[in-house]
Amino acid sequence: PDDLGAGQDRETYEKQFGEFEGKAPPVIQRIIDTRAMPTNDEELGTLYNFIALQFVRTPSARRLVAGPREQEARIIIDLLENDRSLYESEMRRSGGDLNEFPFERIQGTTGMYEPRLTTEGFIEGAMAMMDAMLHYLHQRTWTVLVSERPGESFVVSDHPVVLEWSDPRGKRFAPGHAHIDTELTFPLSACVALIGGYTPFDMDSRNMPAYVSGVNSRTIDRARVFIAACEDRFILQNSGETITSAQFIAELEADAQRSR
């Protein structure tokens, strides 16, 4: 993630979650090869853990985990800095030395420190988030989308697993994993992607361009660092219409010109 503290190993989270990720490649490859979901519980469990891992390892998930905890720490610090009796009571309870760290010394550090969630704290929060997700992932009905026509491949990004309303029109808040009218999308390769919902996905092969462009739009919308495609040309949606990557890039360039 891009918001690690100074001196922290950039591969910290990859190393911590490596055991989850190591079991997934054979399962993912079988889905790509067979164009079908696993049928045994062990492989399904591996797949669901991998999907949950991809969701929680992103910078946005780190902020979601860290935000409430860091805000709680700020509130506690503010209370301690502004209430002598509370500070001294907590110091005695925790075995602190009031002679070395009197209330006046703490007041002198006001504004000097900003709480940051530790790596261990993030891992704990991420695991809790994964557990919550796993409770719902197996309840979804999963469909394997396959697109092999040139110019209609799936793209990937730094935020590959996307939770979205099945129909976002009229929705004023972000979806949650327990919301019935939601879909989870996850591109596995340039030709294969998964879509999971609480109701069966009524797939019509004639509508595959619409499915591909819809999944790509969600993947691109959540991207923060990169978008990757196996072709120079791919499709996505804009205001309900399917457009090409060339049109998308032209619109971005036009927006950049207008903002100058």
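We number each residue from 1, following the sequence as shown. Atom set for the values below is all heavy atoms of this structure, side chains included, hydrogens, waters and symmetry mates excluded.
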Nearest atoms (heavy-atom pairs only) where V56 meets A61: O-CB, 3.2 Å
Which residues satisfy the ring-ring contact (aromatic ring centres under 6.0 Å, His included) test with F201, sequence neighbours excluded? Y211
With clusters defined by side-chain heavy atoms of hydrophobic residues (ILVMFWY) lying less than 4.5 Å apart, directly or transitively, does V155 cluster with L145? no
Is it the case that the side chain of D83 and the backbone of L79 share a donor-acceptor pair, with hydrogens and angles ignored and the cut-off at 3.5 Å? no
Would you call E72-R69 a salt bridge at under 4.0 Å N-O? no
What is the minimum heavy-atom distance between M130 and L53, and which atoms define it? CE-N, 3.9 Å
Look only at the side chain of D221 and the backbone of S217, and say whether a donor-acceptor pair between them is shorter than 3.5 Å. no
Any idea which heavy atoms bring T58 and F55 closest together, and the distance? OG1-O, 3.4 Å
Is there a donor-acceptor contact under 3.5 Å from the side chain of E231 to the main chain of G151? yes
With a 4.5 Å cut-off on side-chain heavy atoms, are H159 and S60 touching? yes
Are side-chain heavy atoms of T185 and V161 found at a separation under 4.5 Å? no
Residue pair V212 / S153: nearest heavy atoms and the distance that separates them: CG1-O, 3.6 Å
Got L47 and I28 here, is their nearest side-chain heavy-atom distance under 4.5 Å? yes
Distance in Å, R74 CZ paired with I76 CD1, rounded so as to fall on 0.5 Å steps: 12.0 Å
Can any side-chain N or O of D181 pair as donor or acceptor with the backbone N or O of W165 at less than 3.5 Å? no
Is it true that M133 and V27 fall in one hydrophobic cluster, defined by side-chain heavy atoms closer than 4.5 Å? yes
D78 and T110: CA distance, side-chain angles, deciding distance, side-chain contact (heavy atoms from CB on, under 4.5 Å) verdict: CA-CA 8 Å; D78 182 68; T110 300; over 6 Å; no
Side-chain heavy atoms under 4.5 angstrom apart, residues restricted to Ile, Leu, Val, Met, Phe, Trp, Tyr: same cluster for M208 and I32? no
Treating N216 as the side-chain partner and E152 as the backbone partner, does any N or O pair qualify as donor plus acceptor under 3.5 Å? no
Non-hydrogen side-chain atoms of F154 and V215 separated by less than 4.5 Å: yes
Going by the rule salt bridge (charged side-chain N to carboxylate O under 4.0 Å, His left out), which residues pair with E88 if we only count those two or more places apart in sequence or in a different chain? R84
Is the count of non-hydrogen atoms from other residues, nucleotides or ligands lying under 6.0 Å from E114 atom CD greater than 12? yes
Hey, does the side chain of Q237 reach the backbone of A210 with a donor-acceptor pair shorter than 3.5 angstrom? yes
Give, for atom CD1 of I195 and atom CE of M203, the distance between the pair rounded to the nearest 0.5 Å. 10.0 Å
CD1 of I77 to OH of Y87, rounded to nearest 0.5 Å, is 12.0 Å
Could you tell me whether D167 atom CG has more than 12 heavy atoms of other residues or ligands within 6.0 Å of it? yes
Less than 4.5 Å apart, any side-chain heavy atom of P68 and any of Q71? no
Side-chain heavy atoms of I31 within contact of P38, under 4.5 Å: yes
Hey, is CZ on R206 packed in by over 12 heavy atoms from elsewhere, all under 6.0 Å? no
So, T219 side chain and S157 main chain: donor-acceptor pair closer than 3.5 Å or not? no
Between N238 and Q247, is the side-chain contact (heavy atoms from CB on, under 4.5 Å) condition met? List the steps. CA-CA 10 Å; N238 182 25; Q247 291 172 291; over 6 Å; no
Check the angle between the aromatic planes of F173 and H179 and answer parallel, tilted or perpendicular using the 30° and 60° thresholds. tilted
Determine whether more than 12 heavy atoms belonging to other residues, nucleotides or ligands lie under 6.0 Å from atom CG of D202. no
Shortest non-hydrogen contact between R35 and C191, atoms and distance: NH2-CB, 4.5 Å
Who passes salt bridge (charged side-chain N to carboxylate O under 4.0 Å, His left out) against D97, sequence neighbours left out? none
Report, as yes or no, whether the 6.0 Å neighbourhood of atom OH on Y113 holds more than 12 heavy atoms from other residues, nucleotides or ligands. no
Rounded to the nearest 0.5 Å, what separation is found between the CG atom of L44 and the CG atom of N49? 11.0 Å
Let's go through L236 and T242 carefully: what are the C-alpha distance in whole Å and the side-chain angles of both, what is the deciding distance for side-chain contact (heavy atoms from CB on, under 4.5 Å) to 0.1 Å, and is it a yes or a no? CA-CA 6 Å; L236 63 156; T242 299; over 6 Å; no
Given R218, K171, R222, the one that forms salt bridge (charged side-chain N to carboxylate O under 4.0 Å, His left out) with E164: R222
Taking a hydrophobic cluster as the set of Ile, Leu, Val, Met, Phe, Trp and Tyr residues connected by side-chain heavy atoms closer than 4.5 Å, whether directly or through intermediates, do L98 and L80 fall within one such cluster? yes
With a 6.0 Å cut-off (strictly less than), is the heavy-atom count around CG of D232, excluding the residue itself, greater than 12? no
Once side chain to side chain donor-acceptor pair (under 3.5 Å) is applied, what residue pairs with a partner in residues 121-143 remain, sequence neighbours excluded? R140-T182
Is T118 reaching over with its side chain to a backbone N or O of G121, donor-acceptor style, under 3.5 angstrom? yes
The reported gap from CE in M37 to CD in E43 (rounded to nearest 0.5 angstrom) is 10.5 Å
Full working for side-chain contact (heavy atoms from CB on, under 4.5 Å) between L184 and L137: CA-CA 9 Å; L184 208 65; L137 288 178; 3.3 Å; yes
Considering all heavy atoms, the nearest A73-P115 contact: CB-CB, 3.7 Å
So side chain to side chain donor-acceptor pair (under 3.5 Å) across residues 186-199, not counting sequence neighbours, yields none
Is I235 reachable from F248 through a run of hydrophobic residues whose side-chain heavy atoms are each under 4.5 Å from the next? no
To the nearest 0.5 angstrom, please state how far the CG atom of L117 sits from the CZ atom of R63. 13.5 Å
Excluding sequence neighbours, so at least two apart, what forms side chain to side chain contact (heavy atoms under 4.5 Å, CB included) with S245? R233, F234
